[in-house]
Amino acid sequence: MADPNKVDPIHQFAITNVFSTGEGGFAFTNSALFMVLTVGLIVIYMLGSTARRSVVPGRAQVVSELLYDFVANMVRGAAGSEGMKFFPFVFSLFMFVLIANMFGMIPFFFTVTSHIIVTFALAMLVFVVVVGYGIYRNGFKFFKLFVPAGVPAYVLPIVVPIEIVSFISRPISHSVRLFANVLAGHITVKVFAGFIMSLGSLGFLGFLGASLPLLMTIAITALEFLVAALQAYVFAVLTAMYINDAIHPSH
């Protein structure tokens, strides 16, 4: 039997049923719950903060406008003005990853992006949109993406397979980057927090010794907030860059 006092850094990622209809039936998990909460919070906040569209905006509207401008500038910078047709798509991904990551920073909340199946699903969605729109817009010219401009013909048999493998592996790198950073960060925080509990139970000297892991926990937690926002940005900016490849497939 497992020790109930033992700190398990992996337990926080366990998927459990919130409710189910029985074996083989419908199950609503904690992962599904926090995905619903994430989407719900985004919709409620964005609609609520922009409903009045005041000339002199309040704080909520200012934040919404800053988020809009931030992602819009990101899309324009990575994919050009033509890429703005994908702004709702990129903005939705950015907000979902950002809020899901921030939810994960709240004690006893579930971190949706700590599961590779979630991040891979998002990455595959981006991949399908890029390939689908690229072929729709450019036809067979889309495959110029695998033939870099200026490369001598005798080198192409080597370069083209490398480009194809690199392109196909995008969903893997796109998803693993987000998943691995979130997972590693939360495990690290949990481990140092476990040191505090273990040392604190040893008495006065242990309590003094726990001050170092306490400081480390505070510092890593602050860093995790930064990583949570940074990974949302990285996921969105890579999405915009991949969309640019669909719009302008020639290197």
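Quick caveat, the model's predicted, so the values are computed rather than measured.
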Exercise. Between Phe146 and Phe167, how do the two ring planes meet: parallel, tilted or perpendicular, split at 30° and 60°?
Worked result: perpendicular

Exercise. Does the separation of the ring centres of Phe179 and Phe120 fall below 6.0 angstrom?
Worked result: no

Exercise. More than 12 heavy atoms of other residues, nucleotides or ligands under 6.0 Å from OH of Tyr233: is that the case?
Worked result: no

Problem set entry | Qualifying residue, where the test is side-chain contact (heavy atoms from CB on, under 4.5 Å) with Thr239 and the options are Val75, Leu125, Leu93 | Leu93

Exercise. Is Met46 atom CE crowded by more than 12 heavy atoms from other residues, nucleotides or ligands, each under 6.0 Å away?
Worked result: yes

For this session: For the pair Leu145 and Glu163, evaluate side chain to side chain contact (heavy atoms under 4.5 Å, CB included) and give the outcome as yes or no after the intermediate values.
Result: CA-CA 8 Å; Leu145 186 65; Glu163 289 288 329; 6.0 Å; no

Exercise. How about Phe142 and Tyr136: are their ring centres within less than 6.0 Å of each other?
Worked result: no

Exercise. For the residue pair Tyr133 and Phe86, does the interplanar ring angle fall in the parallel (under 30°), tilted (30 to 60°) or perpendicular (over 60°) class?
Worked result: perpendicular

Problem set entry | Qualifying side-chain hydrogen bond (donor to acceptor under 3.5 Å, both in side chains) pairs with a residue from residues 116-131, counting only residues at least two apart or across chains | none

Exercise. When you measure from the side chain of Asn101 to the backbone N and O of Glu224, does any donor-acceptor pair fall under 3.5 Å?
Worked result: no

Problem set entry | Side chain His248, main chain Gly80, donor-acceptor under 3.5 Å | no

Exercise. What class does the angle between the rings of Phe34 and Phe103 fall in, given that below 30° is parallel, 30 to 60° is tilted and above 60° is perpendicular?
Worked result: perpendicular

For this session: Flag the pair Tyr242 / Phe127 as yes when their ring centroid distance falls below 6.0 Å, and as no otherwise.
Result: no

